[in-house]
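Let me give you the structure first, and then I'll get to my questions.
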Number of protein chains: 2
Amino acid sequence: MNDAPRRPRRSSGRTTLADVARAAGVSPITVSRALRQERGVDPVLADKVRQAADQLGYVPDAAARALASQRSTQVLVLVPMLSNTLFVDVLEAVHRTLFPAGYQPLIGVTHYDTAEEELLLRTYLPHRPAGLLVTGFDRSETARQLIAHSGIPCVHLMETSTAPGVHCVGFSQVDAGAAITQHLLDRGRRRIAFCAAQLDPRTLQRAEGYRRCLRAAGLYDPHRELLSPERSSISLGARLFEEMVQRMPDIDAIFFCNDDIAQGGLLAANRMQVPVPQRIAVAGFNDLAGSDQMVPPLTTVRTPRAEVGQAGAAMLLALMRGTPVPQSCIQLNYELVVRASS
Amino acid sequence: MNDAPRRPRRSSGRTTLADVARAAGVSPITVSRALRQERGVDPVLADKVRQAADQLGYVPDAAARALASQRSTQVLVLVPMLSNTLFVDVLEAVHRTLFPAGYQPLIGVTHYDTAEEELLLRTYLPHRPAGLLVTGFDRSETARQLIAHSGIPCVHLMETSTAPGVHCVGFSQVDAGAAITQHLLDRGRRRIAFCAAQLDPRTLQRAEGYRRCLRAAGLYDPHRELLSPERSSISLGARLFEEMVQRMPDIDAIFFCNDDIAQGGLLAANRMQVPVPQRIAVAGFNDLAGSDQMVPPLTTVRTPRAEVGQAGAAMLLALMRGTPVPQSCIQLNYELVVRASS
DNA sequence: CTGAAAGCGCTTACAG
DNA sequence: CTGAAAGCGCTTACAG
């Protein structure tokens, strides 16, 4: 008798679709259809299936589903850093847009490092995410190719580009940097310094805006720039303020490339008894949490990061679904927020 | 002639293991072994395989791999909120520990909402993560069961418990809350207020520590507690400070449950010209970025969040590998950081 | 509306 | 050290 039921050679022991089918007295395919709410299943049967599934504690296997259907519901989202709360706001908006639509963001943090971004892509691309959301355009050639060859729809966030075939949602970092500098000029400031940290591409674009504006006014002086490659932070901002004031005591304003270092600058001014804005006006960038609470409240640029996240995710949704995308590059608006520090 | 090569009924068109095998002139299984660096493959063959894979731009399919091997390399990490930078530090440490070990964190944000946590579990458990890292013990019964029935190893972060079978890494929020309160007592403060936001379990545990300490000293007065369910933020801290000072003008110290509201309190004090610490001493919790830069610098409790993330991930690693875990519950130390605000 | 067969792209388990 | 077969747990594509 060799028709004895031989045990399967590999078994996970888990409850499968087949188990549910047996319990509900239907075929596996009907279970699959009922559980996925596919229309065209007898409601009575569907109910019986759901009940059986519940009772057995059935949890569908996402890997099997992805393999069979050739589609995943994960979206890889690459951001530089979570300690820059800017990106937390972007991620929140991305999640709010993608999750209800049936996609799950898979967050990867590059630490502003192109090699790390490449490693993340190598690690996550095998999961065949349904879509890609990346920050800016600055990446290794290999990373670029990995993305292109994957054939996965990709939207770039935070910056804009008019290159053909590129999808992006952002705003002009250069213009925004120029606008806040112009505001300081309009307030009568003439010796405006620039303090920056991290020196990522967007920071450098703001620097460009700063220079463009001051050059146009014939007031640009490179000695008034203090650029630190260190990670942006409140305490670094304090140090930059001290150094700037010591080195160039005649400056009458400082534009900090990000609100966290601006807040640090304001606190240092307070400690050093440097009157703000009387002696030195201070402006930041991004309007982060707490900037409105500083003493004096910080003048800054409100950047549309939630909107970037929302619109970027919505654009990706359209690309993933094959719906037409009205605009492949969306340029959003920033807003000057003038408070007492300038 | 019915032996014409009939096209497969479903084809993804992607480069597969079989394509690489054909190109390298070996069997698929050898490609699989070579690419996974399994030992016992002729180095010459392995090299040929890798070359062929590179040339074809082969990207292995994680879903197929997961299905065949019945194992995934993702670890689901559930945290309450990314805007609380505390958890960003936890996540960083988790990533630094898991990623080099071959596991990828899959971040889920619960927004301090047990229903949302349940939804996240329902959504991500089908991916059969290799491990689970969750925050604290406060969750719905359903969530608890989903975790238990999944059979997936799980480590709880931020709090400790002596319940059998529970794995956790944290510190005593109650003791830490009591310790900072005791510090204020030691400084001679007698009418110590408590301001809190969010009111999540850990915040309430700190409140318990505050009460325990003051009751022991015979100085507890419930009117000096200001508990807001609103999300913790610098601006909320400013409002809480103002309200507290107005309502209970005789207080001589405030313990804020988190540094962000403490920073807001300090800024409000500055604005209101309330001398700190002369009239009111201020203490926070967590030693977040910027607390050391406040004017005056903020007294607080440095909590071991990076250590929690690191040790929690290390414990999970052991559980996933089936290695013995020396201690199922690790209690870490916090540290009083006394600065000029108290 | 329901189902039997085939297949998604890998790895396991067994041989040699 | 290498490979042919079977199987992981689903869904697609085709019938009825």
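Proteins come first, then strands; the chains are lettered A, B, ... in the order of their sequence lines, and each starts at number 1.
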Rounded to the nearest angstrom, tell me the gap between atom CG in L125(B) and atom P in dG9(D).
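To the nearest whole Å, that distance equals 16 Å.
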Nearest whole angstrom, please: distance from the C1' of dT12(C) to the CZ of R36(B).
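Those two atoms, CZ and C1', are 9 Å apart.
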If you compare every side-chain N and O of Q70(A) against the phosphate oxygens of dG9(C) (OP1, OP2), does one of them come in below 4.0 Å?
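For Q70(A), the contact criterion (side-chain N or O under 4.0 Å from OP1 or OP2 of dG9(C)) is met.
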Do you know which of C168(A), C329(A), P201(A) makes side chain to side chain contact (heavy atoms under 4.5 Å, CB included) with E159(A)?
P201(A)
Ignoring backbone atoms, establish whether S27(B) has a side-chain N or O less than 4.0 Å from OP1 or OP2 of dG3(D).
yes
At under 4.0 Å, does any side-chain N or O of T30(B) touch on OP1 or OP2 of dT2(D)?
no
Please check this pair: side chain of T97(B) against backbone of A93(B), looking for a donor-acceptor N/O pair closer than 3.5 Å.
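Side chain of T97(B) to backbone of A93(B), a donor-acceptor pair under 3.5 Å: yes, one is there.
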D42(B) has a side chain; which of dT2(D), dG9(D), dG3(C) sits nearest to it?
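Looking only at heavy atoms from C-beta outward on D42(B), the closest nucleotide is dT2(D).
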Report the distance from atom CZ of R71(B) to atom P of dT12(C), rounded to the nearest whole Å.
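After rounding, the gap between these two atoms is 7 Å.
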For dG16(C), which nucleotide in any strand shown is its Watson-Crick or wobble partner with both distances under 3.5 Å?
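Matched dG16(C) with dC1(D) under the 3.5 Å cut-off.
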Taking the side chain of T16(A) as heavy atoms from C-beta outward, which of dC10(D), dT12(D), dC8(C) is closest to it?
dC10(D)
Whole-Å distance separating the CG atom of D61(A) from the C1' atom of dG9(D):
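So the two atoms are 6 Å apart, to the nearest Å.
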Is the closest side-chain heavy-atom distance between R122(A) and T142(A) below 4.5 Å?
yes
Regarding the side chain of A64(B), the nearest nucleotide among dG9(D), dA13(C), dG9(C) is dG9(C)
Can you tell me how far the OG1 atom of T160(B) sits from the CG atom of L332(B), to the nearest 0.5 Å?
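Between atom OG1 of T160(B) and atom CG of L332(B) there are 9.5 Å.
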Just the rounded figure in Å: distance from P of dC8(C) to CG of L17(A).
19 Å
note: R33(A), atom CZ; dT11(D), atom P; distance rounded to Å ~ 10 Å
Spacing of D19(A) atom CG relative to dG9(D) atom C1', expressed in whole Å:
11 Å
Using side-chain heavy atoms (C-beta onward) and a distance below 4.5 Å, is R139(B) in contact with V134(B)?
yes
Can you figure out which of dG3(C), dG9(C), dC10(C) approaches the side chain of R65(B) most closely?
dC10(C)
dA13(C) C1' sits how many Å from E38(B) CD, rounded?
12 Å
